Undergrad: 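First, the structure itself, so that you have it in front of you.
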Amino acid sequence: MRCDKKDLLLYAVTDRAWLGDKTLAWQVEESLKGGATMIQLREKHLDEAAFQAEALELQALCRRYGVPFLINDDVELAVAVNADGVHVGQHDMEAGQVREKIGPDKILGVSAQTVEQALRAQAAGADYLGVGAVFPTGTKDDADAVSYDTLKAICEAVDIPVVAIGGIGAHNVQALAGSGICGIAVVSAIYGQPDIQQAAHTLLLKTQEMISK
């Protein structure tokens, strides 16, 4: 399975911060019901066995909904559970090495903040780029800001799809119109909302509207 850009329209990235008395699987299913088109499992603090069990549970859920399931950073786990792909940042394993490990048929996403990084990732075999943070975000402490002009320049420089990430919500997604992105990746705009399904549905419609401009 390689990347179809329509799968990147509303890319939901998990975070345990808002679980409360719910499970991650429940949250993810709510986002899928609302229209999330891709799911990335991002987990920083679980032990290996719990992480693998969670990955298998979410993968089964995503397959039921026909949505690609990716794992953040952990290339070995992505291979072990036969995830649809993996996403790596600039400080993780180099994209070319990741491609060697996951093989030619899996989705490889790479974070980029500059045109140079974007071109390097594309040359190394990336299927899509995650570019940001396009707005201030509280989800990642180390997220460097990427201007609209840089986002647009990256979209123009590469042939692979680009998703914007970082601080995006229903209130500001329209500001990304005309940049060339094919979708958005969000965390709190879905999983930090009281009604996850409704939040995802609203964002999906607003993102479709933004891309059509």
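These values consider heavy atoms only, across backbone and side chains, with no hydrogens, waters or symmetry-generated copies. These numbers come from a predicted model, not from an experiment.
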Undergrad: Taking all atoms of both residues into account, what is the closest heavy-atom pair of Asn82 and Arg63, and its distance?
TA: O-NH2, 3.0 Å
Undergrad: I'd like to know if Arg64 pairs up with Glu29 as an ion pair, taking the criterion as any Lys NZ or Arg NE/NH1/NH2 lying under 4.0 Å from an Asp or Glu carboxylate oxygen.
TA: yes
Undergrad: Same cluster or not: are Ile102 and Val110 linked, directly or through other Ile, Leu, Val, Met, Phe, Trp or Tyr residues, by side-chain heavy atoms under 4.5 angstrom apart?
TA: yes
Undergrad: Which heavy-atom pair separates Pro68 from Asp84 by the least distance, and what is that distance?
TA: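 Closest pair (atom of Pro68, atom of Asp84, distance): CA-OD2, 3.4 Å.
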Undergrad: Could you pull out the closest heavy-atom pair between Val86 and Asp73, with the gap in Å?
TA: CG2-N, 4.2 Å
Undergrad: Would you find a donor on one side and an acceptor on the other, under 3.5 Å apart, between the side chain of Gln52 and the backbone of Glu48?
TA: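 Such a contact is absent between Gln52 side chain and Glu48 backbone.
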Undergrad: Of Glu54, Lys44, Arg42, which meets side chain to side chain contact (heavy atoms under 4.5 Å, CB included) against Arg16?
TA: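 For Arg16, the side chain to side chain contact (heavy atoms under 4.5 Å, CB included) test succeeds with only one of Glu54, Lys44, Arg42, which is Glu54.
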Undergrad: Is it true that a side-chain atom of Ser212 and a backbone atom of Glu209 form a donor plus acceptor pair closer than 3.5 Å?
TA: yes
Undergrad: Looking at Gln59, Lys106, Met38, which hits side chain to side chain contact (heavy atoms under 4.5 Å, CB included) with Leu70?
TA: Met38
Undergrad: Identify the two heavy atoms, one from Ile190 and one from Ser31, that lie closest to each other, and give their separation to 0.1 Å.
TA: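 Result for this residue pair: CG2-CB, 3.8 Å.
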Undergrad: Using every non-hydrogen atom in the two residues, find where Ala78 and Gly85 come nearest and quote the distance to one decimal.
TA: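 The answer is CB-O, 4.1 Å.
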Undergrad: Do side-chain atoms of Gln193 reach the backbone of Asp195 as a donor and acceptor pair under 3.5 angstrom?
TA: no
Undergrad: Indicate the atoms forming the closest heavy-atom contact of Val163 with Tyr11, along with that distance.
TA: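 Scanning both residues, the minimum pair turns out to be CG2-CD1, 4.3 Å.
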Undergrad: Do the side chain of Gln40 and the main chain of His87 share a donor and acceptor less than 3.5 angstrom apart?
TA: no
Undergrad: Looking at Gln122, Arg99, Lys5, which hits side chain to side chain contact (heavy atoms under 4.5 Å, CB included) with Asp127?
TA: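 Exactly one candidate clears the test, Arg99.
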Undergrad: Between CD1 of Ile184 and CG of Leu204, what distance do you get to the nearest 0.5 Å?
TA: 9.0 Å
Undergrad: Verify the cluster assignment for Leu10 and Tyr191: are they in a single hydrophobic cluster under the rule of side-chain heavy atoms below 4.5 Å apart?
TA: yes
Undergrad: For Val134, does its backbone N or O pair with a side-chain atom of Tyr148 as donor and acceptor, under 3.5 Å?
TA: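 Between the backbone of Val134 and the side chain of Tyr148 there is no qualifying donor-acceptor contact (under 3.5 Å).
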